[in-house]
Structure formats: structure tokens, C-alpha cells
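Only one structure is covered here, and it is reproduced in the block below.
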Amino acid sequence: MKGGMYYEFRRNSRSVKSTIQHFQLRNLVWATSKHDVYFLSHFSVVHWSALTCNKTEVLNVSGHVAPCEKHPGSLMEGFTKAKVSTLAVKDRLLVAGGFRGELICKNLDRPGVCFCTRTTDVNTLTNVVEIYNSQSGAVHFTVANNDCGVRDFDMEKFQLSKHFSFPWPVNHTSLSPDGKLRIIVGDNPEGMLVDSGTGKMVASLVGHLDFSSASAWHPDGLTFATGNQDKTCRIWDARNLSKSVAALRANLGAIRSICYSSDGRFMAMAEPADFVHVFDAKSGYEKEQEIDFFGEISGMSFSPDTESLFIGVCDPTYGGGLLEFGRRRNNSCPDSII
């Protein structure tokens, strides 16, 4: 610990086997409540209840997967043995992206798969999926691929709504809370802030020394973070992007994953293995809790109420597990007034 103790260890669920399919992409753990977590385990997406300590298979892609609903543009023939590289879960929608551009969408309230598509005819890795609600309230998701494309899908109409191309593969993208700006980072030391509607660059992000594979917005929409292979996470102020306002350093490796708590109090960044760093954003990122363990990190996620932090760990010796941490509260009773 370096100046802070924000989350306390609760348990390591070793019956949960969190796994990694790609050495760079670590967005494979998603908490939808302080008890409900979705993660990748080999060829399955699994739901884990931290309340009952039970796991349930939600999606299995080891064999043939095909949609059971008919929608325009959906590949009714589906996919066989899709290898999942990234996933996202939000508002009862699960979207899994594959190594060959596959996208598999499942409504968690209905059986089967609702939509399948392939982003491109070229076999290109799916790097990240982000689910969000548009200003009209419609559910959308954005996907970035190694073909330098960023595509937006409207899940109300099951249609591709936007397609932007960039000069290099996009490893990660994040939409601002107001929906107007989008972070673009990838196989270039300089990232971009772009207009989410047109894809045109608003500002260049200069400061990192290598390629980036992580980004996240603070809930206030004024600041955001980018994670890089130069072993730093840089904090940016959207009102002045001439340089980053802070550079947070890792211990051993690249920053593969970043997330903010929904109240904006904390930011967590994960190295490829062994270390997750939790910073107090309200203190200007000066106070840090360092969580250390043994194993590669498949992903991490704050619960929406900020009460829990889940970390997927792939331990080559013991098989890994799902680490659960709870928000630490300083409960004290005031002196009695007589």
C-alpha cells in the first residue's frame, strides 16, 4: 500500500477459472452489480454470483453458435469455434468479439443468441467492445478492430450506424459521458480525441512513448486516462490537451486495463500480471493502494455501486481465480452527548 487502503480483500474464488485468449487484450471481466460478475473461462462466458458462490454458463462458443432471432444483417449461419478476444456486458446485453472479427450478441433475459455478424471480410482481431446508451436512450455498442476500423452498432435496429477508419489499428476506445467525444488509442504512440459523431480528430494526445491498449473516462467527463506499453497511465484534462496532467507508473509491465468507479472517487489500472493499482482520483492521484498477487490478469471491474472490485487472475500453478475486494468503510461512532 502506498498512502491508501480503499478496498479490502474478501475472497479468492478458485472454482472460477478466468482465462486469457490474447496476450494484450485484458477486458474479460465485467461486474454488473456488487454480486454479479461475467468473465471468460476457456470457450465459455460464465456468470458468477458472489452472493451464492454459484457459477452459470451463459455462452459457449466451443462448437457452433448461431442466432435464434432474425434481424437484418445477422449471419444466420453463425460461427464455429469462435475464439473470444474481448467482451462487454451491460444492461442485460452481452457482446463477445472474436479473433476473426466475429461479434456475438446475447440478451441475458432471453435464451440463445440474438445477433451475429462479422465486422469485416478480412480475418482481423476484435480489440474492444463498448456498450452504451445513446442520447435517445437506444442501446448501442462500439467495436474496434485491427483493420483500423471503429464501428458503431444500433442494437434497437440491429444495424451498423457508423464506421470510421484511422491510420493505425485501434486497440481501445472510450466514449465520453456526454457522448460527444471518443478516445482513440492503438498502434501509435500518439492517441486521439475525436468527435464521436463524425470521427474527426479534435486533439492529438502526445506524451506516451509506445503503443496503447487501454483508456477510460472519469464520470465527470472532464478528465480521462490512457494506458501504454511504456508502463505509464497518463491522466488528461479535456479542457487543455497540450500535455497530460499526470503520469502514473507501473511496477513491471504495460498498462493493459483501466477503469473508474462510478462515483469518480477511484481509478484502477492493471499491469499484465501481479499488480493492480487503485488511485484516489479526488486527491489528484497522489494516494495509491497497490494490490499484489501472483498470476496474469484477465480483466478487472468495479461494481456499479463502487462497493466491489473484481480481478480475474490466471495462475499457471493453481489455475487462477476471481479476486473479490470490498470497499473499506471507516465506521466510527461519535461520542455520546450527555
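- Counting only heavy atoms from C-beta outward, the side chains of V58 and L108 approach each other to under 4.5 Å.
- Two residues are said to be in side-chain contact when any heavy atoms from C-beta on lie closer than 4.5 Å; N27 and S257 meet this criterion.
- Between the side chains of T80 and H64, at least one donor-acceptor pair of N or O atoms lies under 3.5 Å.
- Only one option out of Y7, W30, Y260, Y6 pairs with F302 in a ring-ring contact (aromatic ring centres under 6.0 Å, His included); it is Y7.
- Salt-bridge formation is detected for the pair R239/D237: a Lys NZ or Arg NE/NH1/NH2 atom is positioned less than 4.0 Å from an Asp or Glu carboxylate oxygen.
- Checked by atom type, the side-chain pair E271/H277 shows a donor-acceptor distance below 3.5 Å.
- A donor-acceptor pair shorter than 3.5 Å cannot be found between the side chains of S49 and N54.
- Between the side chains of S213 and Q24, no donor N or O sits under 3.5 Å from an acceptor N or O.
- Remark: F9 pairs with F325 by the ring pair (Phe, Tyr, Trp, His ring centres under 6.0 Å) rule, at least two apart or across chains.
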* To do: Start with the C-alpha distance between E290 and N251, add both sets of side-chain angles, then the distance that settles side chain to side chain contact (heavy atoms under 4.5 Å, CB included), and finish with yes or no.
  => CA-CA 10 Å; E290 185 177 277; N251 289 338; 2.9 Å; yes
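- N145 and T119 share a donor-acceptor pair across their side chains, judged by distance under 3.5 Å alone.
- Considering E130, H172, R182 in turn, H172 is the only one that fulfils the side-chain hydrogen bond (donor to acceptor under 3.5 Å, both in side chains) rule with S215.
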* Verdict with reasoning, F266 to R327, per side chain to side chain contact (heavy atoms under 4.5 Å, CB included) -> CA-CA 11 Å; F266 302 111; R327 180 85 170 260; 3.3 Å; yes
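- For the residue pair S298 and S18, a side-chain donor N or O sits within less than 3.5 Å of a side-chain acceptor on the partner.
- The salt bridge (Lys or Arg N to Asp or Glu O under 4.0 Å) check on E156 picks up nothing, with sequence neighbours excluded.
- Counting heavy atoms from C-beta on, the side chains of H218 and M267 never come closer than 4.5 Å.
- Every side-chain contact (heavy atoms from CB on, under 4.5 Å) that D178 has, sequence neighbours left out, goes to S176, K180.
- Two rings, from F310 and F39, have their centers 6.0 Å or more apart.
- Between K55 and S41 there is no side-chain heavy-atom pair separated by less than 4.5 Å.
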